[in-house]
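Accompanying notes for the structure given below.
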Amino acid sequence: MPPARPRFWLLKSEPDVFSYADLMRVGREGWNGVRNYQARNFLREMRVGDLCLFYHSNARPTGVAGVARVVRAAYPDDLQFDPASEFYDPKSTADNPRWSMVDVAPVLAPPAVLTLDTLRTLPEWQDSPLTSKGSRLSVLPVTPEQFHAALRAMGVEGRDGLVGSGR
DNA sequence: GCCAACGTTGGC
DNA sequence: GCCAACGTTGGC
């Protein structure tokens, strides 16, 4: 059996809340608090080894601030059971948890943020939920073409530990 | 801070 | 099942 192809995603985070620098500092983070069904379903599709563009929203500038790797596949979101959390969901039960999370770890930071403005200029990114007007999806799939175009634009394509040959 | 776009809720 | 009201997201 051939090795599984890496798959690619984009994760949005507000850097005031949790930035890519924070991820590098802590080394690993549980991606909890996602409370949108479409985003949750994407989380559940993630596999260990999948690569994620770490996107800063509500930031200056907005854009991709790093690359992360999925280090644990989907498991029940801890915050849904915590009454003190803003992400508490009284309708979730241990038997039937409604929300999921994954764990991610940092892979690399580009020399500079790949801004949304620049992303919009890349042909590969013309058709993406990220660049389409009004989209608020916080976890979204990225095509291999989009991922590699982003790496190229950040000047980090071919960096060790990323995706092998890139083809 | 503004506001357009979107998702969710709840009355009916 | 419809849809108005409401809350949230996120670019600007």
Side-chain angles (χ1 to χ4, degrees), chain A residues 7-26 29-46 50-70 74-104 106-143 145-156:
Chain A
R7 301 196 301 175
F8 307 104
W9 308 92
L10 183 143
L11 298 173
K12 285 185 194 172
S13 184
E14 300 195 20
D16 290 348
V17 178
F18 191 80
S19 69
Y20 190 75
D22 292 328
L23 181 63
M24 288 196 293
R25 187 169 42 76
V26 298
E29 181 74 0
W31 209 258
N32 52 16
V34 170
R35 292 296 178 271
N36 168 282
Y37 286 105
Q38 203 180 350
R40 179 206 69 181
N41 293 342
F42 287 136
L43 287 179
R44 290 181 176 178
E45 287 182 39
M46 290 184 182
D50 285 1
L51 292 168
C52 306
L53 299 174
F54 192 113
Y55 180 89
H56 283 177
S57 62
N58 273 319
R60 288 220 304 271
T62 65
V64 177
V67 178
R69 187 190 310 276
V70 176
Y75 60 104
D77 182 315
D78 50 353
L79 298 180
Q80 69 193 313
F81 304 122
D82 177 3
S85 168
E86 62 174 312
F87 297 110
Y88 177 61
D89 187 341
K91 293 176 188 147
S92 270
T93 63
D95 280 353
N96 190 18
R98 182 179 289 206
W99 304 109
S100 298
M101 63 188 285
V102 299
D103 289 355
V104 298
V107 174
L108 67 81
V113 170
L114 171 57
T115 65
L116 179 59
D117 281 349
T118 301
L119 268 178
R120 288 191 204 279
T121 68
L122 303 178
E124 294 85 352
W125 283 86
Q126 298 309 303
D127 184 26
S128 165
L130 181 74
T131 48
S132 72
K133 189 176 176 187
S135 174
R136 306 182 316 185
L137 197 54
S138 63
V139 178
L140 51 115
V142 165
T143 67
E145 292 76 16
Q146 288 168 344
F147 187 80
H148 290 294
L151 291 191
R152 231 176 290 128
M154 292 189 288
V156 297

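Below, each value reflects all heavy atoms present in this structure, side chains not excepted, and no hydrogens, waters or symmetry copies. Naming convention: chains lettered A, B, ... in sequence-line order (proteins, then strands); numbering from 1 in each chain.
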| Given side chains that start at C-beta, do those of A:L140 and A:Y55 come closer than 4.5 Å, heavy atoms only? | no
| said: B:dA4, OP1 or OP2 - any side-chain N/O from A:K133 closer than 4.0 Å? | reply: no
| If we ignore angles and hydrogens, is there a donor and acceptor under 3.5 Å between the side chains of A:T115 and A:T118? | yes
Please state how far atom [atom1] in [X] lies from atom [atom2] in [N], giving the value in whole angstrom units.
X: A:Q38; N: B:dA5; atom1: CD; atom2: P; value: 18 Å
X: A:R35; N: B:dT9; atom1: CZ; atom2: C1'; value: 17 Å
X: A:E14; N: C:dC12; atom1: CD; atom2: P; value: 15 Å
X: A:D16; N: B:dG1; atom1: CG; atom2: P; value: 14 Å
X: A:D89; N: B:dT9; atom1: CG; atom2: C1'; value: 13 Å
X: A:L10; N: C:dT9; atom1: CG; atom2: P; value: 16 Å
X: A:R60; N: C:dG10; atom1: CZ; atom2: C1'; value: 14 Å
X: A:Y55; N: C:dG10; atom1: OH; atom2: P; value: 9 Å

Which of these nucleotides, [options], is closest to any side-chain atom of [X]?
X: A:S138; options: C:dG10, C:dG11, C:dT8; value: C:dG10
X: A:N58; options: C:dC12, C:dG10, B:dT8; value: C:dG10
X: A:Y37; options: C:dG7, C:dC12, B:dT8; value: B:dT8

| query | So which heavy atom on A:V139 is nearest to which on A:F42, and how close? | reply | O-CD1, 3.1 Å
| said: Centre-to-centre under 6.0 Å for A:Y37 and A:W99, is that the case here? | reply: yes
